[in-house]
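The next block holds one structure in the form of structure tokens; read it before the comments.
Keep in mind it's a predicted model, so treat the numbers as computed, not measured.
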Amino acid sequence: RPGKSWGKFDKNFGGQREVPGAPPPARRVLTPIAQRVLQLLLTHPASVNELDDASETMLASTAGFETVRELVALVRTTGASHTGALIQAAEGTSLAQPLVMAATATIYEDELPDPAGELFDALRTIEFDAAAREQQALIAGGLTGDDAKARYLALKERMAELKKPRVIE
């Protein structure tokens with residue numbers, strides 16, 4: 001019945017309970033590459049140690065990677081070494097649901113032979129996409145000035161380097 005209240009709390013569309021009149025909980029949107037990095041780090045938490053300062057800066061400055069950054073912080077603060085421990089540590093936080101969803105998505109995946117390599121490839125893809133966006137912004141701005149032209153050329157060189165295949169040792 002419209003207008004009927006079922007007590008102090010009513011269920012929203014996702015089955016979560018909320019206080020009447022409160023806005024619905026924000027839904028996290030992950031890009032496919034962010035989802036992949038989240039799954040990689042969730043199933044292989046030790047890979048967090050593979051992230052250098054440049055990678056973390058890139059993740060911090062790229063939209064859509066908030067959940068990945070939160071997972072990295074969780075791994076570092078808890079020292080959790082497997083998926084179950086991470087999900088348990090995230091209970092009661094905004095990170096819990098995305099982690100459960102990511103873990104569920106990886107249940108039927110085969111074990112990766114080289115998770116660190118997969119992470120490296122994903123980070124290269126993220127960097128390439130960010131460089132391409134910056135290059136497009138420079139073009140849209142008309143490449144006025146020597147600094148803009150120099151930055152464009154530097155991005156072009158970096159993108160060429162990122163396109164090269166990874167050498168497996």
**OP:** Only counting residues at least two apart or in another chain, list the ones meeting side-chain hydrogen bond (donor to acceptor under 3.5 Å, both in side chains) with Q136.
**Re:** none
**OP:** State whether the number of non-hydrogen atoms from other residues, nucleotides or ligands found under 6.0 Å of D146 atom CG is greater than 12.
**Re:** no
Original post:
Should L95 and L86 count as side-chain neighbours, where that means a heavy-atom distance under 4.5 Å?
Top reply: no
Subject >> Heavy-atom side-chain proximity of L99 to L38 below 4.5 angstrom >> reply: yes
**OP:** Look up atom CD1 in I126 and atom OG in S55, then write down how far apart they are to the nearest 0.5 Å.
**Re:** 8.5 Å
Original post:
Are any non-hydrogen side-chain atoms of R151 and Q135 less than 4.5 angstrom apart?
Top reply: no
**OP:** State whether the side chain of T62 and the backbone N or O of L59 hold a donor-acceptor pair below 3.5 Å, judged by distance alone.
**Re:** no
Subject >> Exercise: identify the closest heavy-atom pair between G64 and A34 >> reply: O-CB, 3.4 Å
Subject >> Minimum heavy-atom distance between L143 and A148, given as atom pair plus value >> reply: CD2-O, 3.8 Å
Subject >> For the student: nearest non-hydrogen atoms of T78 and L74, plus distance >> reply: OG1-O, 2.7 Å
Original post:
Is there a path from F120 to L162 through hydrophobic residues (I, L, V, M, F, W, Y) whose side chains come within less than 4.5 Å of each other?
Top reply: no
Original post:
Could you give the distance from OG (S94) to CD (E70), rounded to the nearest 0.5 Å?
Top reply: 4.5 Å
**OP:** Enter the distance from E134:CD to D129:CG here, rounded to the nearest 0.5 Å.
**Re:** 13.0 Å
Original post:
What about I87 and V48, same hydrophobic cluster or not, with Ile/Leu/Val/Met/Phe/Trp/Tyr joined at side-chain heavy-atom distances under 4.5 Å?
Top reply: yes
Original post:
Any side-chain heavy atom of L41 within less than 4.5 Å of one from V75?
Top reply: no
Subject >> Exercise: identify the closest heavy-atom pair between R124 and E161 >> reply: NH2-O, 3.3 Å
**OP:** State, with a plain yes or no, whether a side-chain heavy atom of L40 is found less than 4.5 Å away from one of S47.
**Re:** no
Subject >> Separation of Q39 CD from T104 OG1 (nearest 0.5 Å) >> reply: 10.0 Å
Subject >> Spacing of CE belonging to M101 relative to OG1 belonging to T106, to within rounding of 0.5 Å >> reply: 12.5 Å
Original post:
Is there side-chain contact between E111 and H44, with heavy atoms separated by less than 4.5 Å?
Top reply: yes
Original post:
Taking all non-hydrogen atoms of both residues, which atom of L42 and which atom of A102 are closest, and how far apart?
Top reply: CD2-CB, 3.8 Å
Original post:
Quick one: are I139 and Y152 in side-chain contact, heavy atoms under 4.5 Å?
Top reply: yes
**OP:** Check L123 against M58 and note the closest heavy-atom contact, atom names and distance.
**Re:** O-CE, 3.5 Å
**OP:** Check whether any side-chain heavy atom of E127 sits under 4.5 Å from a side-chain heavy atom of R158, and report yes or no.
**Re:** yes
Subject >> Residues E66 and R69 bridged, charged N to O under 4.0 Å >> reply: yes
Original post:
In terms of hydrophobic clusters joined by side-chain contacts under 4.5 Å, are F128 and I33 together?
Top reply: no
Original post:
Are the charged groups of R76 and E56 less than 4.0 angstrom apart, N to O?
Top reply: yes
